[in-house]
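One structure is given here, and the rest of the page talks about it.
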There are 2 protein chains.
Amino acid sequence: MSRPTIAGVARAAGVSVASVSRVLNGLPATEEMVERVQRAVDELGYVPDARARSLKVGRTFQLTLAVADVGNPVYVTMMRAVEEVVSAAGYRLVVTTTGPDVVDEVALVRGMARGYADGLLISPLRVDEDLVKSIRECEVPVVVAGNVPAKAGVDTVRANSPKGMLLAVDHLVAKGRRRIAFLNGPADTVPGAARAKGFAEALRAHDLRPAAVAEADDFTFAAGRAAAPALLNSLTSEEVRVRVATSSDVRGRPDAVIAANDLLAVGVMHELAAAGLEVPADVAVVGMDDSELAEQSFPPLTSVNLGSAERGRRAAELLLARIEDNERAPRRIVVQPSLSIRRSTP
Amino acid sequence: MSRPTIAGVARAAGVSVASVSRVLNGLPATEEMVERVQRAVDELGYVPDARARSLKVGRTFQLTLAVADVGNPVYVTMMRAVEEVVSAAGYRLVVTTTGPDVVDEVALVRGMARGYADGLLISPLRVDEDLVKSIRECEVPVVVAGNVPAKAGVDTVRANSPKGMLLAVDHLVAKGRRRIAFLNGPADTVPGAARAKGFAEALRAHDLRPAAVAEADDFTFAAGRAAAPALLNSLTSEEVRVRVATSSDVRGRPDAVIAANDLLAVGVMHELAAAGLEVPADVAVVGMDDSELAEQSFPPLTSVNLGSAERGRRAAELLLARIEDNERAPRRIVVQPSLSIRRSTP
DNA sequence: TTGTAAGCGTTATCAT
DNA sequence: ATGATAACGCTTACAA
């Protein structure tokens, strides 16, 4: 019982393969022809082979979204937005996961070159020469949700994290916090570098100096927990009691922490709780990404909305546009951030 | 600058296409041949067309995992496990998302029939005749992570939620809780039905009666929050104060809530907090799935581990085995649950 | 060891 | 309107 092909259907219907193909693709045919083909198709349970079809047509009507870590909730926001746009355009979206390394990313882009997708949407954590090169040489259009050098000449949609950082710091300062610490992810990543720079600038804008800065090994909850103590250091409950008993403005103790993403922020909150510190009373916490985790966390997390949904949407649109016309000039879109204030800040 | 094909490489190298193919696939060839082909490949930046290749070979070396909701953290656990198994076997995993409806699921299975994957792993929320039929008729092997009727004759790996429910109830009862409520997801789903039944049985086993039962519209955080009040009902902070002032055993007030998954459980915890109730002091909460969210939530959530990782692993193995031999007898594996005790229970 | 040629299952271009 | 047939880019007998 081998799978039926268009030839089998043609034989069963007593017509030519060309006619079957036409009927299936809604091209003009007589009533009777449609009828006969339809019956044969139903009878045999025939389903066209997508590979053969796309080999001929040159299109798969599939788009691939590659994310670094499926466990990062920021990607679900993005994924939802991308899905909406591409499915409206008649494409199916498939998601594949790369590790945090550039090499995986490069391998993906290279392999996707003649693959099962008409386009590729990537959001790489790390970018190097090789990656840029493989993107440019890729046979299918690639758009990057993230930052690559302008001279690379690829479509990109990126966030404005310095601006986002400023929003966070403005808010904290307005609430009277001055001793602001920063928990970054790996600084050798694109977002890590951008956020480090943004944090420094934002503090400078307020004439403040960082209370502490730490770098987690990864943009994950576990890494956040692991790195938090270094940030909080001597901030134990013991000392808090002392602080409360003596003065409300002991130098050098953070009264606010900004984390480079929501996962890290939640990790910090857990460590704060473990140290007997209250959020936001003792320490305010703000995350970045404004993912679903931000509202699910407790207390709900104030988070910088870096526009993941809009970035996903715009990136998808860029990809569709480039599939349509590969000669158009590369665009570089940057979406503006906003601040979602919740209960982890006063 | 059209994309180079194997013919182009052959021409450039001055050899036949067969030789190019052989070299690329590591078949025996002379030093010199390998050398010439390699050079031409590099020069032209040739990448084989996966569709053409798989059309010929009959395999794509891609496997598809379809999940109902990318926002549900239980799927990331599963996805990680599946990824590990299939990539070790030389397959690439792609993830696609269906909605909560059967029709989407059926469409996916039908469409995948002759698609870009050698196998399909689905975890459907709802199952009906049509879905079972489409699975049986599917041209590529399908394994179901979930429950379908034995007579369907398809490979399945499912959880034992009644047993899991019992674990949860045992634990709560051991901690002295007797007024146990249950927040289910939609009861017309496979997991919803199983958990409702399991909850009833578990309470019966302890000679207890449900303190309250509610049904959320969806297995999501938002639905959990929305449904929680119905469950907690008159359990406002006002009344808690009264309760504390009068008696510690007011009939009919839940002192524990079991939720059908972690997302719902976290939703309940938020509502409890909003009502001024403490977890676990006033109300204990236990979730199901033991997803990453369980440890990220605050307080960390006691959760029934329904073996998502193991289910993913076993399902992936089943799929690989069936791809290997489509005639083997269908297997139905059930994986046993365990309880991950955290701080949301006493 | 290498080359020639026949498909894999479609669609599209021609005749008819 | 329908039918024969040549591609699409690759692998694999089979021949040389």
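In what follows, every chain begins at residue 1, and chains take the letters A, B, ... in the order their sequences are listed.
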Euclidean distance, atom [atom1] of residue [X] to atom [atom2] of [N] [Å, nearest integer]:
| X | N | atom1 | atom2 | answer |
| --- | --- | --- | --- | --- |
| L24(A) | dT10(C) | CG | C1' | 11 Å |
| Y116(A) | dG9(D) | OH | C1' | 13 Å |
| D49(A) | dC8(C) | CG | C1' | 9 Å |
| R51(B) | dC10(D) | CZ | C1' | 11 Å |
| L27(B) | dT2(C) | CG | C1' | 12 Å |
| N25(A) | dA12(C) | CG | P | 7 Å |
| L44(B) | dG9(D) | CG | C1' | 15 Å |

Is the side chain of [X] donor-acceptor paired with the backbone N or O of [Y] at a distance under 3.5 Å, no angle test?
| X | Y | value |
| --- | --- | --- |
| D101(B) | V103(B) | no |
| N25(A) | L27(A) | no |
| D118(B) | L63(B) | no |
| T156(B) | N147(B) | no |

*asked:* Side chains of V37(B) and R22(B), heavy atoms from C-beta outward: is any pair under 4.5 Å?
replied: no

Notebook entry, point to check: Quick one: are P124(B) and V102(B) in side-chain contact, heavy atoms under 4.5 Å?
Noted result: no

Given the options R136(A), R314(A), R322(A), D155(A) meets salt bridge (charged side-chain N to carboxylate O under 4.0 Å, His left out) only with R322(A)

- request: Run the numbers on E317(B) and R313(B) for salt bridge (charged side-chain N to carboxylate O under 4.0 Å, His left out), then give the verdict.
  value: CA-CA 6 Å; E317(B) 289 164 357; R313(B) 201 157 40 237; 5.5 Å; no

Determine, stepwise, if the pair D49(B) / R51(A) fulfils salt bridge (charged side-chain N to carboxylate O under 4.0 Å, His left out).
CA-CA 11 Å; D49(B) 184 309; R51(A) 297 164 310 203; over 6 Å; no

Here the residues of residues 52-60 of chain A within 4.0 Å heavy-atom distance, strictly under, of DNA chain D are L55(A), K56(A)

Tested for side-chain hydrogen bond (donor to acceptor under 3.5 Å, both in side chains) against Y91(B), the lone hit among Q62(B), R59(B), E83(B) is R59(B)

What's touching nucleotides 1-4 of chain D from the protein side, N or O pairs under 3.5 Å?
unit_1: dT2(D); atom_1: OP1; unit_2: T30(A); atom_2: OG1; d: 2.6
unit_1: dT2(D); atom_1: OP2; unit_2: T30(A); atom_2: N; d: 3.0
unit_1: dG3(D); atom_1: OP2; unit_2: S16(A); atom_2: N; d: 3.1
unit_1: dG3(D); atom_1: OP2; unit_2: S16(A); atom_2: OG; d: 3.2
unit_1: dG3(D); atom_1: OP2; unit_2: S19(A); atom_2: OG; d: 2.4
unit_1: dG3(D); atom_1: N7; unit_2: R22(A); atom_2: NH2; d: 2.8
unit_1: dG3(D); atom_1: O6; unit_2: R22(A); atom_2: NH2; d: 2.6

* To do: Answer with base, sugar-phosphate or nothing: what part of the nucleic acid does T5(B) contact at a heavy-atom distance below 4.0 Å?
  => sugar-phosphate

Computed from five pairs at either end and rounded to 10 degrees, the angle between the axes of the helix from dT1(C)-dA16(D) to dT16(C)-dA1(D) is 40°

- request: In sequence, state the C-alpha distance, the side-chain angles, and the governing distance for K133(A) and E129(A), and then conclude on salt bridge (charged side-chain N to carboxylate O under 4.0 Å, His left out).
  value: CA-CA 6 Å; K133(A) 183 154 166 284; E129(A) 282 297 323; over 6 Å; no

